[in-house]
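A, B, ... follow the sequence lines: proteins, then strands. Residue 1 opens every chain.
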Amino acid sequence: MSKIKTKLKNFIQEFVKEKYGIDHEPIISPARDEKFGEYSVTSAFSLAKELRRNPAEIASEIAQAVSSKFPFEVEKVDIVKGFVNIYLSKPFFQNLVKEALSENFGRCNAGNGLKVNLEFVSANPTGPLNVVNARAAAVGDSLRQIMRHCGYDAWSEYYVNDAGGQIRALRESVKWRMGLRPDLPEDGYAGDYLIQYAERLRDMGITEDHEIERHIVDMILNDQMKTLERFRVKFDVITRESFIRKSKYPKILEEKLKAKNLIYERDGAIYFRATSLGDIDEKDRVLVRSNGEPTYFYFDLAYHIYKFDRGFQKVVDFWGPDHHGYVPRMKAGLKALDLDDERFDVKIIQQVNIIKDGKRIRMSKRRGELFTLSELLDEVNVDAARFFFLLRSYSSHLDFDIDLAREISVKNPVYYVQYAHARISSIMKKAQEKGLTADGADLELLVTPEERSIMREMLFFPDVLEDISLKLEPHPITYYLTGLAEKFHNYYQKHTVADPSNPELSAARLTFVQAIANVIKIGLGLIGVSAPEEM
RNA sequence: GUCCCCGUAGCUCAGCAGGAUAGAGCGGCGGUUUCCUAAACCGCAGGUCGCAGGUUCGAAUCCUGCCGGGGACGCCA
């Protein structure tokens with residue numbers, strides 16, 4: 001949150017407490033229109049009810065208090081129909097432009113160092129990454145960076161399910177591709193991608209089951225990581241299920257559940273008594289099958305104990321749409337371990353439909369029908385793909401039209417934003433050629449409505465980032481950047497920045513556009529998109 | 001049957017921690033360049049926010065029901 005917004009909020013809260021004796025959380029939002037100033041406060045409405053007084057009177061009292069408290073920052077405070085509208089001052093904005101020149105612009109301590117674990121992608125090591133994985137990667141990685149910018153200690157984590165039935169199925173499938181068995185097993189993976197791995201395994205002379213398993217998983221995981229790197233996504237931590245299985249955590253889990261009387265045996269299997277938790281709509285789930293083999297759920301719970309054991313105060317999992325039915329189970333399990341919603345959260349990344357040649361492709365790894373992340377990156381550049389995935393909320397289904405993506409080069413709004421940055425770089429270069437410099441700029445010369453409007457937009461940058469961290473939804477940043485770029489393009493059209501006949505004004509404007517470029521660069525950087533000097 | 005997501009402009013979607021006149025991109029129509037990048041800018045047209053109730057000073061936003069579309073519901077992972 002911007003410093004001024006924090007100050008305003010804290011002050012109003014204290015003021016209300018002192019004056020009216022009411023605990024009240026003020027809602028301070030960007031004014032919907034420039035003519036209403038920068039920030040609007042709606043406190044008068046809610047207080048009017050409690051105090052049984054006219055909202056206009058209360059608004060006026062708040063307004064007066066605010067304007068006398070912040071003589072430097074606040075130019076005036078207006079009251080319109082009960083809204084308290086705060087207009088910030090010129091000196092304040094001049095100061096803001098200076099701050100916006102720093103690479104730390106937008107940083108704040110909203111997260112207060114909270115240690116957060118973000119687990120995303122976590123694709124099974126049974127094949128290449130698909131487009132939902134790509135979406136999750138774009139979302140998770142951007143969140144990690146934005147949250148760090150907002151003072152969270154955010155870590156990204158990738159979980160590798162390198163054990164269990166699916167790995168057996170993978171091994172048997174690759175053996176079929178190696179010619180070591182006559183047919184593809186029923187639950188096998190039919191995708192062509194296994195052919196190249198089979199060849200490599202054959203060349204390595206590997207035939208033993210255990211060795212095949214180990215190598216195929218490593219090869220696929222390695223390729224996944226390479227693709228993710230190409231997508232500019234790196235993980236802080238990679239955890240393997242096989243590690244969890246061998247660790248102390250399954251035992252710890254068992255003991256904890258036993259101590260709470262939350263497990264029982266039926267038909268030779270061991271169940272988790274989810275129904276006893278009451279408020280979660282969930283049935284009892286198997287932890288250990290009657291054949292003695294623990295379920296995925298069992299190790300997943302153990303894995304989450306491990307996460308919290310590493311000191312994370314909040315753990316967020318981003319899962320694909322096929323896992324949504326699994327959410328209540330995990331929530332119930334973690335609640336049983338006293339880890340409720342405040343500390344453990346699951347977000348579902350909704351499906352991505354690939355449209356190719358005008359029709360939808362149904363994707364199934366097992367059937368071998370895929371559209372992979374690396375194929376996507378062969379067709380669309382990384383900047384465009386990263387930006388594209390953040391153009392809409394991940395909670396909504398996304399139609400990704402490959403044919404459109406191919407020709408998206410000019411239409412994709414990412415270029416619109418990048419172009420603003422490139423244009424500014426060009427201005428700076430040209431200015432230098434003309435002997436103009438930003439040195440010793442007098443920012444008081446920035447008086448046009450367009451300049452004011454852009455400064456106002458800069459003001460909201462930290463607010464947008466904080467909101468993203470809070471809601472764990474990164475897509476508003478693309479809308480923010482597009483809006484800022486739009487305002488710049490408009491400004492560019494109307495006003496000359498580098499004008500040799502007016503070096504003083506040019507210095508001020510050069511400083512100003514540099515600040516704009518910097519905000520764009522920071523914003524794009526946070527979502528893994530480059531800010532080119534030229535286009 | 002139970003659960004999840006979606007329904008806002010011709011199309012794809014923002015907005016949904018309730019606030020003031022509902023926005024963007026694309027598409028359509030019409031303009032702008034001897035001038036710092038036209039990958040740009042400006043203007044116009046286009047909406048009963050799926051429907052019906054409810055809560056509220058105030059509802060696209062919250063609640064209930066219904067309709068329509070997509071998806072998930074294993075001793076798979």
Side-chain angles (χ1 to χ4, degrees), chain A residues 25 27 29 31-33 35-36 40 42 45-46 48-49 55 80-83 85 122 124 126 161 163-167 169 187 241 266-271 281-283 285-300 320-329 348 350-351 353 360 366 391-399 401 404 408-420 422-431 433-434 436 467 470-471 475-476 478-479 482-483 485-486 488-500 506 509-510 513 534-535:
Chain A
E25 169 116 15
I27 294 167
S29 39
R32 61 159 307 175
D33 192 290
K35 72 180 182 205
F36 294 132
S40 296
T42 55
F45 297 113
S46 44
K49 197 169 188 181
V80 183
K81 292 191 270 183
F83 291 90
N85 293 329
S122 295
N124 289 333
T126 53
N161 306 130
Q166 58 167 355
I167 297 301
D187 57 352
E241 184 181 342
R266 187 174 72 202
D267 307 331
I270 295 174
Y271 280 76
D281 189 19
E282 177 58 6
K283 54 183 180 183
R285 297 288 179 175
V286 174
L287 289 170
V288 183
R289 303 179 183 95
S290 49
N291 66 9
E293 200 179 326
T295 59
Y296 176 81
F297 175 50
Y298 182 86
F299 292 118
D300 211 9
D322 50 334
H323 283 66
H324 109 256
Y326 186 70
V327 176
R329 196 181 315 181
I348 298 295
Q350 285 298 338
Q351 66 187 92
N353 296 318
R360 241 174 77 184
R366 292 192 192 231
L391 278 173
R392 42 206 48 131
S393 160
Y394 59 74
S395 63
S396 302
H397 299 196
L398 169 68
D399 281 335
D401 189 326
L404 185 71
I408 214 160
S409 55
V410 221
K411 287 181 189 163
N412 194 309
V414 70
Y415 295 98
Y416 183 81
V417 178
Q418 288 182 316
Y419 184 52
R423 256 185 161 175
I424 293 170
S425 297
S426 172
I427 292 173
M428 302 309 292
K429 252 175 257 158
K430 282 274 160 58
E433 285 167 20
K434 293 177 193 167
L436 293 167
D467 207 43
L470 226 55
K471 294 179 182 164
H475 71 273
T478 59
Y479 288 86
T482 306
E486 181 181 19
F488 166 74
H489 285 308
N490 173 279
Y491 173 63
Y492 176 90
Q493 205 74 22
K494 281 191 183 153
H495 303 285
T496 304
V497 175
D499 178 7
S506 297
R509 289 188 171 168
L510 285 169
V513 296
E534 283 176 24
M535 286 175 76

S.K.: Could you tell me how far apart A/Phe45 (CZ) and B/A17 (P) are, to the nearest whole angstrom?
M.R.: 19 Å
S.K.: Give A/Glu293 one of three labels, base, sugar-phosphate or nothing, depending on what nucleic acid heavy atoms sit under 4.0 Å from its own.
M.R.: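 A/Glu293: no heavy atom of the nucleic acid under 4.0 Å.
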S.K.: Write down the distance between CG (A/Asp399) and C1' (B/C6), rounded to a whole number of angstrom.
M.R.: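 After rounding, the reported distance stands at 11 Å.
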S.K.: Between B/U8 and B/G25, how far is it from one C1' atom to the other, in whole Å?
M.R.: 15 Å
S.K.: Does a side-chain N or O from A/Asn353 land closer than 4.0 Å to OP1 or OP2 of B/G70, or not?
M.R.: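 No, no such contact exists.
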S.K.: B/A20 pairs with which nucleotide, Watson-Crick or G-U wobble, both distances below 3.5 Å?
M.R.: none
S.K.: Reckon A/Phe83 touches a base, only the sugar-phosphate, or nothing at all at heavy-atom distances under 4.0 Å?
M.R.: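 The answer is base, as A/Phe83 lies within the cut-off (heavy atoms under 4.0 Å) of a base atom.
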S.K.: If the test is side chain to side chain donor-acceptor pair (under 3.5 Å), which one of A/Asp187, A/Thr126, A/Asn124 qualifies with A/Gln166?
M.R.: A/Asn124
S.K.: What interatomic distance, in whole Å, is found between C1' of B/G71 and the corresponding atom of B/A9?
M.R.: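 My reading of the C1' atoms in B/A9 and B/G71 gives 27 Å.
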S.K.: If pairing requires Watson-Crick or G-U wobble contacts with both distances under 3.5 Å, which nucleotide is the partner of B/C73?
M.R.: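 By the stated definition (distances under 3.5 Å), B/G1 pairs with B/C73.
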S.K.: Side chain of A/Tyr416: nearest nucleotide among B/A40, B/G71, B/A77?
M.R.: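 Nucleotide nearest to A/Tyr416's side chain: B/A40.
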S.K.: Treating A/Thr295 as the side-chain partner and A/Val288 as the backbone partner, does any N or O pair qualify as donor plus acceptor under 3.5 Å?
M.R.: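 Not at all, since once roles are kept as given, no pair shorter than 3.5 Å links the two residues.
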S.K.: Check every atom of B/A20, B/C41, B/A14 against the side chain of A/Asn490 and return the nucleotide holding the closest atom.
M.R.: B/C41
S.K.: Report yes if a side-chain nitrogen or oxygen of A/Ser46 is closer than 4.0 Å to either non-bridging phosphate oxygen (OP1 or OP2) of B/G18; otherwise report no.
M.R.: no
S.K.: Can you tell me the distance, in whole Å, between the NZ atom of A/Lys49 and the C1' atom of B/U56?
M.R.: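 After rounding, the gap between these two atoms is 7 Å.
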S.K.: OP1 or OP2 of B/A77 less than 4.0 angstrom from a side-chain nitrogen or oxygen of A/Arg289, does that happen here?
M.R.: yes
S.K.: Work out which heavy atom in A/Pro413 is nearest to a heavy atom in A/Thr482; give both atom names and the distance.
M.R.: CB-OG1, 4.5 Å
S.K.: Just to be sure I understand the rule, does A/Asp267 reach a base, reach only the sugar-phosphate, or reach nothing, if contact means heavy atoms closer than 4.0 Å?
M.R.: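 Here A/Asp267 touches the bases of the nucleic acid.
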S.K.: What interatomic distance, in whole Å, is found between P of B/C73 and the corresponding atom of B/A40?
M.R.: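 Looking at atom P only, B/A40 and B/C73 are 44 Å apart.
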S.K.: Would you classify A/Ser393 as touching base, sugar-phosphate or nothing, given that sugar-phosphate means primed atoms plus P, OP1 and OP2, and contacts are heavy atoms under 4.0 Å?
M.R.: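 Contact class for A/Ser393: sugar-phosphate only.
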S.K.: Could you pick out which residue, A/Asp467 or A/Gln493, lies toward the 5' side of RNA chain B when each is mapped onto its nearest nucleotide?
M.R.: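 Checking each residue's closest nucleotide, the 5'-ward one belongs to A/Asp467.
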S.K.: Give a yes/no answer on whether the side chain of A/Arg423 brings an N or O atom under 4.0 Å of OP1 or OP2 in B/A38.
M.R.: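 The answer is yes; a side-chain N or O of A/Arg423 sits under 4.0 Å from OP1 or OP2.
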S.K.: When both hydrogen-bonding distances must be under 3.5 Å and the geometry is Watson-Crick or G-U wobble, what is B/C41 paired with, if anything?
M.R.: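 Here B/C41 is engaged in a pair, and the nucleotide opposite it is B/G31.
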S.K.: Contact class for A/Phe297 (heavy atom, under 4.0 Å): base, sugar-phosphate, or nothing?
M.R.: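 Nothing: the residue A/Phe297, judged by heavy atoms under 4.0 Å, touches no strand.
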S.K.: Tell me whether the NZ or CZ atom of A/Arg285 lies within the 45° cone about the ring axis of A/Phe297 and under 6.0 Å from its centre.
M.R.: no
S.K.: Using a 4.0 Å heavy-atom cut-off across all strands, classify A/Ala422 as base, sugar-phosphate, or nothing.
M.R.: base
S.K.: Looking at A/Arg329, does any N or O in its side chain come under 4.0 Å of the phosphate oxygens OP1/OP2 on B/G74?
M.R.: no
S.K.: From CZ of A/Phe488 over to P of B/A39, roughly how many Å is that when rounded to an integer?
M.R.: 14 Å
S.K.: Contact class for A/Lys471 (heavy atom, under 4.0 Å): base, sugar-phosphate, or nothing?
M.R.: base
S.K.: In Watson-Crick or G-U wobble terms, both distances under 3.5 Å, what is the partner of B/A52?
M.R.: B/U64
S.K.: Could you work out which one of B/C41, B/A72, B/A77 sits closest to the side chain of A/His324?
M.R.: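 Output: B/A72.
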S.K.: Taking the minimum atom-to-atom distance to the side chain of A/Val80, which one of B/A20, B/C75, B/A77 wins?
M.R.: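 Side chain of A/Val80 sits closest to B/A20.
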S.K.: Between A/Ala485 and A/Ser395, who's closer to the 5' end of RNA chain B by nearest nucleotide?
M.R.: A/Ser395
S.K.: Report the base-pairing partner of B/G25 (Watson-Crick or G-U wobble, both distances below 3.5 angstrom), or none.
M.R.: B/C11
S.K.: Of the listed nucleotides (B/A40, B/U12, B/A77), which one gets closest to any side-chain atom of A/Arg392?
M.R.: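 That would be B/U12.
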S.K.: For the C1' atoms, the ones on B/U61 and on B/C6, what distance do you get once it is rounded to whole angstrom?
M.R.: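 My reading of the C1' atoms in B/U61 and B/C6 gives 15 Å.
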S.K.: For atom P, what is the distance between B/C63 and B/G23, given to the nearest Å?
M.R.: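 Each nucleotide's P atom is 25 Å from the other's.
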S.K.: Could you tell me how far B/G15 sits from B/C5 if I compare only their P atoms? Round to whole Å.
M.R.: 15 Å
S.K.: Have a look at A/Ser396 and say if it touches a base, only the backbone sugar-phosphate, or nothing, with a 4.0 Å heavy-atom cut-off.
M.R.: sugar-phosphate
S.K.: Any donor-acceptor pair under 3.5 Å between the side chain of A/Ser40 and the base of B/A20?
M.R.: yes
S.K.: Does B/A38 have its OP1 or OP2 closer than 4.0 Å to a side-chain nitrogen or oxygen of A/Tyr492?
M.R.: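 Answer yes for this pair, as a side-chain N or O of A/Tyr492 is under 4.0 Å from OP1 or OP2.
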S.K.: B/A20 phosphate, OP1 or OP2: any side-chain N/O from A/Arg32 under 4.0 angstrom?
M.R.: yes
S.K.: On a heavy-atom basis, which atom in A/His475 and which in A/Arg392 lie closest, and how many Å separate them?
M.R.: CB-O, 3.7 Å
S.K.: Sticking with atom C1', work out how far B/G31 lies from B/U12, rounded to a whole angstrom.
M.R.: 27 Å
S.K.: Nearest heavy-atom pair of A/Glu486 and A/Tyr416: which atoms, and what distance?
M.R.: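 Heavy atoms only, the tightest pair is CA-OH, 3.0 Å.
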S.K.: Under 4.0 Å, counting only non-hydrogen atoms across every strand here, what does A/His397 touch: a base, just sugar-phosphate, or nothing?
M.R.: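 The residue A/His397 makes base contact.
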S.K.: Could you measure between the two C1' atoms, the one in B/A17 and the one in B/C41, and give it in whole Å?
M.R.: 37 Å
S.K.: Taking only side-chain nitrogens and oxygens of A/His323, does any of them come within less than 4.0 Å of OP1 or OP2 of B/G71?
M.R.: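 No, because none of the side-chain N or O atoms of A/His323 sits under 4.0 Å from OP1 or OP2 of B/G71.
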S.K.: Taking donor-acceptor contacts at under 3.5 Å, does the side chain of A/Asn85 reach the base of B/A20?
M.R.: yes
S.K.: Verify the distance criterion only: is there a donor paired with an acceptor across the side chains of A/Ser506 and A/Asp499 at less than 3.5 Å?
M.R.: no
S.K.: Parallel, tilted or perpendicular: which one describes the rings of A/Phe83 and A/Phe45, with boundaries at 30° and 60°?
M.R.: perpendicular
S.K.: Please determine, for the side chain of A/Met535, which listed nucleotide (B/A39, B/C75, B/C41) has the closest atom?
M.R.: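 Out of B/A39, B/C75, B/C41, the nucleotide with an atom closest to A/Met535's side chain is B/A39.
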S.K.: Mind checking whether A/Tyr326 and A/His323 have parallel, tilted or perpendicular rings, split at 30° and 60°?
M.R.: perpendicular
S.K.: What do you reckon, do A/Phe36 and the base of B/A20 stack, with centroid distance below 5.5 Å and planes below 30°?
M.R.: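 By the stated criterion, A/Phe36 and B/A20 stack.
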